[in-house]
2 protein chains.
Amino acid sequence: MATIKDVARLAGVGLGTASRVVTGKGSVSPATAERVRKAIKQLGFRPSHAARSLLSGSSQTIGVYIPVLKGTFYTPILQTIDMELRSSGRHMVVAFGCGLGDERRQAVEGVEFLIDRGCDGLIVMSNQLNDGDIVSLSRKQPNLVVLNRSFESIRDHCFSADHTLGGTLAAQALLKFGHCEFAIISGPATSPDNVARINGFLAELAKRGINPNKVLILQSDFSPEGGWASAEALLASKHKFTALFCANDEMAVGVLSHFQQAGISVPEQVSVLGYDDTQSAEYSAPRLTSVHIPLREVTLNGLYWLLNQCYNSSLKVEREFPISITWRATVAKAPMAKAKRSGK
Amino acid sequence: MATIKDVARLAGVGLGTASRVVTGKGSVSPATAERVRKAIKQLGFRPSHAARSLLSGSSQTIGVYIPVLKGTFYTPILQTIDMELRSSGRHMVVAFGCGLGDERRQAVEGVEFLIDRGCDGLIVMSNQLNDGDIVSLSRKQPNLVVLNRSFESIRDHCFSADHTLGGTLAAQALLKFGHCEFAIISGPATSPDNVARINGFLAELAKRGINPNKVLILQSDFSPEGGWASAEALLASKHKFTALFCANDEMAVGVLSHFQQAGISVPEQVSVLGYDDTQSAEYSAPRLTSVHIPLREVTLNGLYWLLNQCYNSSLKVEREFPISITWRATVAKAPMAKAKRSGK
DNA sequence: CCCGCGAATGGAAACGTTACCAGATTTCCA
DNA sequence: TGGAAATCTGGTAACGTTTCCATTCGCGGG
């Protein structure tokens, strides 16, 4: 690989001059600059990223930790971050958890790995990390953003939609269609944003005079497999319900798949509402109505804040994110009381 | 950030000694080593990745180019690569195309971006790159692997399943159930692996005495939207078919969604076969039967080959990948001739 | 007792770049 | 035309590491 020394030699100029042409800083006579540019082209010179990093103390790199790249929830986040970063010549390095075993330890290790790699900033998504972890991590690298979750201790580092509100909206969407018998398939109890949306949902129900204790809540794991299994358990339970709220789309998709097989027709017999409005919701059968979380905006604003911290940019940062319902085909009017669901 | 100089000073030893402790190479007396380790801990010293890269000429980084992170096709690839790399202390940097506009130029730019970043090796997936592009790219960085596609000119850099065989198996799977009227939803004609599977499919049909010209082929774009639209077009065309082969799962999912809405029941009225056997296939409604491509193995072996090139490892590398059918619920016996599909 | 060998150690050099300083040349105005 | 200012240029230092070489020390064998 050609170095800037080679360039300087070939162009017959000093190191400084060659460097000035490369960086575009400082003044160089047009003729000389042209000669240098020619040499660069001829030698196929590319500045060494390592040398620049070493000298400047900045790697122009943002690290992203994601628990597990499964399903369609995280992918738009990565895509968004990469696009934004590349447009300013920076890049992204990713670390995943493996999805098995102790996710909390994996998260800590993953983030530390990224720190060691000299990332200028970090974007972290994790349900399992606790307050202590995140504080200790953010001491090692203060340029840290947490997405889709809020830690009290470092609140301004956190960007998230209001999932309690999300749950509220979900309840309203279902109540509007006259439903009054509910079931919920919840995500893991260890996931704070999951419990927020469940609580929001239940609270709204209570406010409308529906006893939360009459709502059957099945705990699952955010996966389609989990959704499928919960759907099965739900039907077996003989619990009466006309509306089912799933804490994410992946589980809802599993539910839809199982209902189809079990001969339960959606939304005629039961309405199903998803959450997140991911790609999986768009073309399920039937297409899934879902609570839309503006994840792109959340990600982007978190990233902006981070860029401001790392590189003294002055991007405008929002902290409020509107939640809405994306209406598709799985929520409809509650069936008449007489048309009882014939639980399999 | 503490440097190794600080460590040496605090431990009261020379630079060389400190370095020997850090790297574990060379001999250091136990007592001294202990003192150094203490200093490292006390200062929270972490070796600078940039300095190491500069000196060694290796960044311990593999670059991955992916056209667009949508759907569930690419995600397991990223996950696989990252897991494998992290286990040996290396890491992955990713570049995406944006999915819009001139994908070929994006691919070239993306890969060059990765080269500039000093990646030791590159993993590239792209349908749009042509032979000339890849040759010129691989001159800049010979440690380059192409996944899921084969270029004649650099055949040993390419790792892919045999998609012609995939197409053949797909045809056999459908023929076995007595189908004789077919339709195909194809991916883009510019995608070589797509045309391979279509050709394999058609060839097998021909061999079994079915005239390929009687097969309706709709061209689409590998997306669920595209699948949905094609399904619509297919029904409108009044073409008679009992089996539909989709060139990937994403499109098949779109088809399933549209069929559900249109009241076409799968597999009773028509059988649907997907391709790739991605996550999307697992919990569609009904669950999608699909041609299983061992993408994890393809990826892993490509990566092994790359690691051998980059780091003189000697991992064992396979180049043959078995294709099979994952049977789920969308393929069944062809309906009796009398039970005509009532095209909407 | 001395020579030689191995272990332990410190320090200089190098990796490729940019920032800075100092010197040289040109430009411009009084 | 003289001098100050602006422009242009080359070389050195520095970023944090590891590798290599030279030096010292202790020890065992001849």
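Below, all heavy atoms of this structure are taken into account, side chains as well, without hydrogens, waters or symmetry copies. Lettering of chains follows the sequences in order, A, B, ..., and the numbering in each one begins at 1.
Aromatic ring pairs are classed by plane angle as parallel below 30°, tilted from 30° to 60° and perpendicular above 60°; the pair A/Phe159 and A/Trp305 is tilted.
Listed in residue order, the members of residues 13-21 of chain A having a heavy atom less than 4.0 Å from DNA chain D are A/Val13, A/Gly14, A/Gly16, A/Thr17, A/Arg20. Using a 4.0 Å cutoff on non-hydrogen atoms, the parts of residues 32-60 of chain A near DNA chain D are A/Thr32, A/Leu54, A/Leu55, ordered by number.
In terms of the salt bridge (Lys or Arg N to Asp or Glu O under 4.0 Å) criterion, A/Arg35 has no residue partners (sequence neighbours excluded).
Here D/dG10 presents its P atom at 14 Å from CZ of A/Arg9, a figure rounded to the nearest Å. Straight-line distance from the NZ atom of B/Lys25 to the P atom of D/dT17: 15 Å, rounded to whole Å. Atom pair A/Ile4:CD1 and C/dC15:P shows a separation of 15 Å (rounding to whole Å applied).
Judged by distance alone, the side chains of A/Gln128 and A/Arg104 never bring a donor and an acceptor atom under 3.5 Å apart. Side chains of A/Ser29 and A/Thr32: a donor-acceptor N/O pair is present below 3.5 angstrom, by distance only. No donor-acceptor contact under 3.5 angstrom links the side chains of A/His91 and A/Asp82, judged on distance only.
Across all strands shown, A/Gly118 has no heavy atoms under 4.0 Å from either base or sugar-phosphate atoms.
Of the residues listed (A/Thr61, A/Leu85, A/Ile123), the one engaging A/Met92 in a side-chain contact (heavy atoms from CB on, under 4.5 Å) is A/Leu85, and it is the only one. Of the residues listed (B/Gln106, B/Glu112, B/Met125, B/Glu109), the one engaging B/Tyr65 in a side-chain contact (heavy atoms from CB on, under 4.5 Å) is B/Gln106, and it is the only one.
Taking only side-chain nitrogens and oxygens, B/Ser27 comes nearer than 4.0 Å to OP1 or OP2 of C/dA8.
A salt bridge links B/Lys316 with B/Glu318: the closest approach of a Lys/Arg side-chain nitrogen to an acidic carboxylate oxygen falls below 4.0 angstrom.
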